[in-house]
2 protein chains.
Amino acid sequence: MVTSRDVARLAGVSQPTVSRALSDHPRVSEATKARVREAAKALGYAPNAIGRALSTGRSTRIGLVVTDLENQFYTHLVAPLHRELEELGHELVLITESASSASLAERVAAYGLAAVVLSTTTTDSIQPARLRDRGVPFVYLNRTAASIDADSVTVDPEPGLRALLEDAIARGHRRFGAVFGPRNTSTGELREQVARTVLDEHGLQLAHRDVLHGPFDFATGHAGMTTLLDGGDPPTLVLFGNDVVALGGLNAAVERGVAVPGVVSVAGFDDLPTSGWALVRLSTVAYDLDAVAREAARLVVARLEEPGSEFRHVVHPTRYVARATIGPPRS
Amino acid sequence: MVTSRDVARLAGVSQPTVSRALSDHPRVSEATKARVREAAKALGYAPNAIGRALSTGRSTRIGLVVTDLENQFYTHLVAPLHRELEELGHELVLITESASSASLAERVAAYGLAAVVLSTTTTDSIQPARLRDRGVPFVYLNRTAASIDADSVTVDPEPGLRALLEDAIARGHRRFGAVFGPRNTSTGELREQVARTVLDEHGLQLAHRDVLHGPFDFATGHAGMTTLLDGGDPPTLVLFGNDVVALGGLNAAVERGVAVPGVVSVAGFDDLPTSGWALVRLSTVAYDLDAVAREAARLVVARLEEPGSEFRHVVHPTRYVARATIGPPRS
DNA sequence: TCGGGTTGTGCATACGCATACAGTGGCTGG
DNA sequence: CCAGCCACTGTATGCGTATGCACAACCCGA
């Protein structure tokens, strides 16, 4: 391993001078800087992040806490987040909440993470509270927790979801079903609430038996659609908590030969790339997921640079994307 | 931040004793261990990975080098790899090869990574060579490089691909087209070679104009299928480099109303979960991707523990999964 | 010509942990 | 009863970097 001491020796200076030269300290002469840079290059030197982190007390490593890496949604969230963090000179460490091991806060401390992006779905505020108590900066991504404030990037489901539902109502739908996300989820709850409000405004409501809940995954949608279809007189449109769930529902319908939108219409939320496929054509609510993820990256980094600043709450708008899975209701 | 010194003070012992007690050193009395553990728990102490890494010279952080995080294939690779690494007490750091920044080897050194899993597709052996020169352990995942040896987990396309092609031939296909992966790719090259061999054995071959190449992504498949369909007298079956590419091709066909498998049959490779959807039903070559990823994790960790041991080359078998996208050729 | 400021560099040290080594008791056996 | 050993635990140190401080050399104006 090449250390700054090796570089110092080759450049004929002291180790601290190497450190200063490479970080472009103004008190180092240009000549020395050039010599040091050359020596560093010759040896293939790169400052050791471990040593630096230990010395400065901060690290450039940022944790992303997710529930289900296998979930397609996270793919499209991790990629831009990672890209942006990398551009800002930070690294991404993935963390899943495995109940088995230590508490999140402890693991953050152990891993030496500078900050954390919380993208787990549950509103459970124990973890945020612990993070705050430990002084670990964190940012909410696509979720919030009522009791603990922090920077956040979220999505306002209202415009998109309203447009979607009003389109459905205009087409003649009256019996709506829903497979929402988990109950203790800020995003899920908000979407459900908006949906109920919009329907209510049109004198409609969700019958209790037509509303299901479950994790934001394929299986939930699949099982949900199956249940709704198995019940007598299924709803004419099923609203899903997000696209991954909707895709599960859509496939369940296709599997049993139930025409979409001929027999049931299907609505999603997120507009994942898959939803736009010619094979799928899912009608859904869209927003700029890429921008949301990048925004989260910028917020964390900003928080690290200005720890005392006021919390920022960025909200992205949504819009309705009408494709092929919402049609007129069966007569 | 809670340090081992704080724990030491509370437990009434010295800092090194804390270190030893928590790592279950045999020369520490049970009574002391208990006291230390209690103090650690009371303070919520977790050993700082930075300090530990600096002290021991090794870290538990393992890098995963990928090309395209957005790619669905990597989703199903990252998730199990991460899970396995976590179980083995290691962390995962994502690295994408952005040409802009420093060389991979330098970044590995800078990040303080203990080892690296190389899952980028290109056979370019510059990076492996540099890693070797720096003494950074690494493992090939789903790729190899001829010139530089290392532990590897790969897939043998032969059985699955042979079965797939022989089924297609038995159904009457004679004109095959292909959209393979990038040229300088060990997996892509191997699949192409196997395909050509099997076809050759049956007195068939791939016409030059029917063979395309490109990155392993959706766009490649989409463009490839479009090109093949636009040429006069397209092949009756198009073999794709992998499922992600095949899904691109499949959607391109659907978009222009070309029936699959009525007009063209489509074959993939990987058997991603999406390929099994009722909406998709892609005929493809399957293997246990989950196991492959976990195997890679175990290999890296084993390599860290026994640096001198012989390189292991694990090869997973494949099998043909006949679904709905391969039918009889159009007459 | 000399004091005060500026510029450039080295010295000393700290970060949190692990570990080689030294030391302190208590115990056993001769 | 004491040499010798073992079981514990503390002291000292190092990992690679950053940074406060001291210091040397130089410059400038009075």
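Here is how names work: the chains are called A, B, and so on, in the same order as the sequence lines, proteins then strands, and each is numbered from 1.
Rounded to whole Å, the distance from CZ on B/Arg27 to P on D/dC5 is 14 Å. As rounded to whole Å, 12 Å separates atom C1' of D/dT17 from atom CZ of A/Arg58. The interatomic distance linking A/His25 (NE2) with D/dG20 (C1') rounds to 11 Å, in whole Å. If you measure from atom CG of A/Leu22 to atom P of D/dG16, you get 16 Å, rounded to the nearest angstrom. When rounded to the nearest whole Å, the span between CD of B/Glu30 and C1' of D/dA7 equals 13 Å.
One distance of note links CG of B/Leu131 with CZ of B/Phe138; it measures 5.5 Å at 0.5 Å rounding.
Side chain of A/His316 to main chain of A/Val155: no donor-acceptor pair is present (N/O by atom type, distance under 3.5 Å, no hydrogens or angles).
For A/Ser23, no side-chain nitrogen or oxygen approaches OP1 or OP2 of D/dA18 to under 4.0 Å.
A salt bridge does not link A/Arg183 to A/Glu189: none of the charged nitrogens lies less than 4.0 Å from a carboxylate oxygen. For the pair B/Arg35 and B/Glu38, the salt-bridge criterion is not met [side-chain N within less than 4.0 Å of a carboxylate O].
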- [ ] Under the side chain to side chain donor-acceptor pair (under 3.5 Å) rule, what do B/His313 and B/Asp149 come out as? Steps first, then yes or no, please.
- [x] CA-CA 10 Å; B/His313 303 282; B/Asp149 199 19; 3.3 Å; yes

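Among A/Asp68, A/Asp270, A/Val66, A/Val78, the one residue that satisfies the side-chain contact (heavy atoms from CB on, under 4.5 Å) test with A/Phe73 is A/Asp270.
In this structure the side chain of B/Arg37 reaches within 4.5 angstrom of the side chain of B/Lys33, judged on heavy atoms.
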Open item on the list: Please encode protein proximity along nucleotides 10-17 of chain C as a string of B, S and -, counting only heavy-atom distances under 4.0 Å.
Closed with: BBB--BBB

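The closest side-chain donor-acceptor pair between A/Thr96 and B/Glu86 falls under 3.5 angstrom.
Axis angle, first five pairs versus last five pairs of the helix from C/dT1-D/dA30 to C/dG30-D/dC1: 50°, rounded to 10°.
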